[in-house]
Visitor: 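Quick one: structure below, then a few questions.
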Amino acid sequence: MYVTYAGNADTPFDREHWIGVHLPLVRDCWGPYGLERLAGFFPQGDGGGLIAIATCVFRDEAAMEAALASPETERVMADVDLVTAVKPQRTLDA
């Protein structure tokens, strides 16, 4: 699953919090449900309107669905509000 944040150079986004706090929180919350790998990236150049991208690799689709439906997802989403006002978009890897 790709999680993307759209914006531009003026969009507030706390990179340090996202990398140092948010991504470890995602790992802790969703790891028990089958999250196997997680990485965050910042596009270079204009980023095509993207300011950040996270890749979340789950054991399988059922694990991803279980993680997203878990009570821990509320903690993950509440922490996004500390990073940015931009709402992330989820895209499944085809």
Side-chain angles (χ1 to χ4, degrees):
M1 173 176 70
Y2 296 107
V3 181
T4 57
Y5 297 82
N8 58 40
D10 297 324
T11 304
F13 192 93
D14 187 340
R15 288 179 171 213
E16 288 183 30
H17 184 95
W18 192 64
I19 293 294
V21 176
H22 185 73
L23 294 182
L25 175 67
V26 169
R27 187 174 293 113
D28 290 346
C29 288
W30 291 349
Y33 295 94
L35 178 67
E36 294 181 338
R37 293 188 308 280
L38 173 67
F41 304 94
F42 301 107
Q44 295 295 318
D46 70 6
L50 294 176
I51 52 178
I53 303 167
T55 59
C56 302
V57 178
F58 289 89
R59 178 180 55 245
D60 53 30
E61 188 172 343
M64 180 189 69
E65 290 172 5
L68 292 173
S70 74
E72 290 86 351
T73 295
E74 186 175 323
R75 288 181 54 211
V76 170
M77 296 311 296
D79 192 65
V80 167
D81 293 338
L82 300 176
V83 175
T84 184
V86 173
K87 295 303 173 203
Q89 300 298 310
R90 295 181 192 126
T91 307
L92 300 180
D93 187 11

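Values below: every heavy atom of this structure, side chains too, minus hydrogens, waters and symmetry copies. Because the structure is a prediction, the values reported are computed rather than measured.
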Visitor: Would you say the side chains of Asp79 and His17 form a donor-acceptor pair under 3.5 Å?
Guide: yes

Visitor: Examine distances only and state if a side-chain atom of Thr84 and a backbone atom of Pro12 form a donor-acceptor pair shorter than 3.5 Å.
Guide: yes

Visitor: Closest approach of Met1 and Phe58, non-hydrogen atoms and distance?
Guide: CE-CE1, 3.9 Å

Visitor: Hey, quick one: are Tyr33 and Leu68 part of the same hydrophobic cluster, counting side-chain heavy atoms closer than 4.5 Å, chains of contacts allowed?
Guide: no

Visitor: Using a 4.5 Å cut-off on heavy atoms from C-beta on, say whether the side chain of Trp18 contacts that of Val80.
Guide: no

Visitor: Might you confirm whether atom CD of Glu61 has over 12 heavy atoms from other residues, nucleotides or ligands at distances under 6.0 Å?
Guide: no

Visitor: Could you tell me which non-hydrogen atom of Gly34 sits nearest to which non-hydrogen atom of Ala63, and how far apart they are?
Guide: CA-CB, 4.0 Å

Visitor: Using the rule that Ile, Leu, Val, Met, Phe, Trp and Tyr join whenever any side-chain heavy atoms are under 4.5 Å apart, tell me whether Phe42 and Val26 fall into a single cluster.
Guide: yes

Visitor: Tell me if the CZ atom of Arg75 is crowded by more than 12 foreign heavy atoms within 6.0 Å.
Guide: no

Visitor: Say you draw a straight line from CZ of Arg59 to CG of Leu35; how long is it, rounded to the nearest 0.5 Å?
Guide: 10.0 Å

Visitor: For the pair Thr73 (side chain) and Ala67 (backbone), establish whether a donor and an acceptor sit closer than 3.5 Å, ignoring hydrogens and angles.
Guide: yes

Visitor: Ile53, Leu25: one ILVMFWY side-chain cluster at the under-4.5 Å cut-off?
Guide: no

Visitor: Any idea which heavy atoms bring Arg27 and Pro32 closest together, and the distance?
Guide: O-CD, 4.3 Å

Visitor: Hey, could you give me the CD/NZ distance between Gln89 and Lys87, rounded to the nearest 0.5 Å?
Guide: 11.0 Å

Visitor: Locate the shortest heavy-atom distance separating Gly7 from Thr11; write the atom from each residue and the value.
Guide: CA-OG1, 3.4 Å

Visitor: Nearest 0.5 Å, please: how far is CD1 in Ile19 from CG in Asp14?
Guide: 10.5 Å

Visitor: To the nearest 0.5 angstrom, please state how far the CG atom of Leu38 sits from the CH2 atom of Trp30.
Guide: 9.0 Å

Visitor: Do the side chains of Leu92 and Val3 join up, straight or via other hydrophobic residues, at under 4.5 Å, putting them in one cluster?
Guide: yes

Visitor: If you apply the rule side chain to side chain contact (heavy atoms under 4.5 Å, CB included), what do you find for Val76 with His22, and how did you get there?
Guide: CA-CA 7 Å; Val76 170; His22 185 73; 3.8 Å; yes

Visitor: Under the side chain to side chain contact (heavy atoms under 4.5 Å, CB included) criterion, do Leu50 and Phe41 qualify, and how do the steps go?
Guide: CA-CA 10 Å; Leu50 294 176; Phe41 304 94; over 6 Å; no

